[in-house]
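Contents: one structure, followed by commentary.
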Amino acid sequence: MATETLIPITDLFEAHLTVSDLDRAVAFYRDQLALPLAHIFPDRKVAFFWIGAPGKAMLGLWEAGTMPMSFSLHVAFQVALSDLHEAPSRLQRAGIEPRDLAGLPTEEPVVLAWMPAASVYFRDPDNNLLELITMLADPPRPDLGVLPWSDWVDRTPSTV
């Protein structure tokens, strides 16, 4: 039996993260990641940033109440492949540790071969996991798992 799509979803418009200090988080996302600030609602303790062109996608940061526990959320930002290759050194110059999927420091992107996509991970001041990701034009290779970019290039010569 074929299922009819209730409402065709075409893209993701927004994602939200919880932060412990809104001013510190705004400074990180605005000043270090250079996301354009869309609006801050001080009374609600929330800030919104544009991702790409205004009106295309947004990220909301919500200040949580004080509590003795925390949790980490994840957001991935799509970037150009050339920028992804420069991301580890740019992040390091900004005092941000680039990481691979296992959370280990890295100097190159990793490839999630089942997609395939190349990624670099890092953490914001609230320990949220942020990812820079680029989909690759190569065919999926799930048998390769997750591997460093240099290994991916050695095994898939068509990668630019």
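Being a predicted model, the structure only gives us computed values, none of them experimental. Only this structure's heavy atoms are used, side chains among them; waters, hydrogens and symmetry mates stay out.
Here the side chains of Val110 and Trp149 are not in contact, with every heavy-atom distance at 4.5 Å or above. Put simply, the side chain of Glu97 does not reach to within 4.5 Å of the side chain of Leu91, judged on heavy atoms. Between Val111 and Leu136 the shortest side-chain heavy-atom distance falls below 4.5 Å. Contact check for Pro116 versus Pro140: side-chain heavy atoms found under the 4.5 Å cut-off. Looking only at side-chain heavy atoms (C-beta outward), Asp138 and Trp152 come within less than 4.5 Å of each other. At least one side-chain heavy atom of Leu59 sits less than 4.5 Å from a side-chain heavy atom of Leu35. Looking at heavy atoms from C-beta onward, Gln92 lies in side-chain contact with Pro98 at the 4.5 angstrom threshold.
Under a hydrophobic-cluster definition in which Ile, Leu, Val, Met, Phe, Trp and Tyr are linked whenever side-chain heavy atoms come within less than 4.5 Å, directly or via other members, Val46 and Val19 are assigned to different clusters. Residues Leu101 and Leu81 fall into different hydrophobic clusters, defined by Ile, Leu, Val, Met, Phe, Trp and Tyr side chains chained together at heavy-atom separations under 4.5 Å. No chain of hydrophobic side-chain contacts below 4.5 Å, direct or via other Ile, Leu, Val, Met, Phe, Trp or Tyr residues, connects Leu129 to Val75. Connection of Phe77 to Leu112 is not established within any shared hydrophobic cluster, with ILVMFWY side chains joined at heavy-atom distances below 4.5 Å, either directly or through further cluster members. Side-chain heavy atoms closer than 4.5 Å link hydrophobic residues (I, L, V, M, F, W, Y) into clusters, and following such links, possibly through other members, connects Val153 to Leu147.
Of all heavy-atom pairs spanning Arg123 and Phe28, the tightest one is O-CZ, 4.1 Å. Heavy-atom minimum distance, Leu84 versus Ser119: CD2-N, 3.9 Å.
To the nearest 0.5 Å, atoms CD (Gln32) and CZ (Phe122) are separated by 9.5 Å. Atoms NZ and CG, from Lys45 and Asp23 in turn, are 9.0 Å apart once rounded to the nearest 0.5 Å. The CZ atom of Arg155 sits 5.5 Å away from the CG atom of Leu144 when rounded to the nearest 0.5 Å. Atoms CG and CD1, from Leu33 and Ile96 in turn, are 5.5 Å apart once rounded to the nearest 0.5 Å. The CG atom of Leu130 sits 5.0 Å away from atom CG of Asp124, with the distance rounded to the nearest 0.5 Å. Going from atom CG of Leu17 over to atom CG of Asn127 covers 11.5 Å, rounded to the nearest 0.5 Å.
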Query raised in the report: So Ile40 and Val26, side-chain contact (heavy atoms from CB on, under 4.5 Å) or not? Walk me through it.
Result: CA-CA 9 Å; Ile40 297 177; Val26 165; 4.3 Å; yes
**Report entry** Check against side chain to side chain donor-acceptor pair (under 3.5 Å), Glu108 and Ser150
**Finding:** CA-CA 8 Å; Glu108 67 178 325; Ser150 54; 3.0 Å; yes
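Of the possible polar contacts, none joining the Glu131 side chain to the Tyr121 backbone as a donor-acceptor pair under 3.5 Å is found. At least one donor-acceptor pair closer than 3.5 Å links the side chain of Asn128 to the backbone N or O of Thr18. The closest donor-acceptor contact from the side chain of Thr106 to the backbone of Arg99 lies at 3.5 Å or more, if one exists at all.
Using cut-offs of 30° and 60° for the angle between ring planes, the Trp62 and His16 rings count as tilted. Classification of the Phe13-Trp50 ring pair by plane angle, with boundaries at 30° and 60°, yields perpendicular.
Counting non-hydrogen atoms of other residues, nucleotides and ligands closer than 6.0 Å to CD of Gln78 gives a total of 12 or fewer.
Ion pairing between Asp126 and Arg24 holds under the 4.0 Å rule for side-chain N and carboxylate O.
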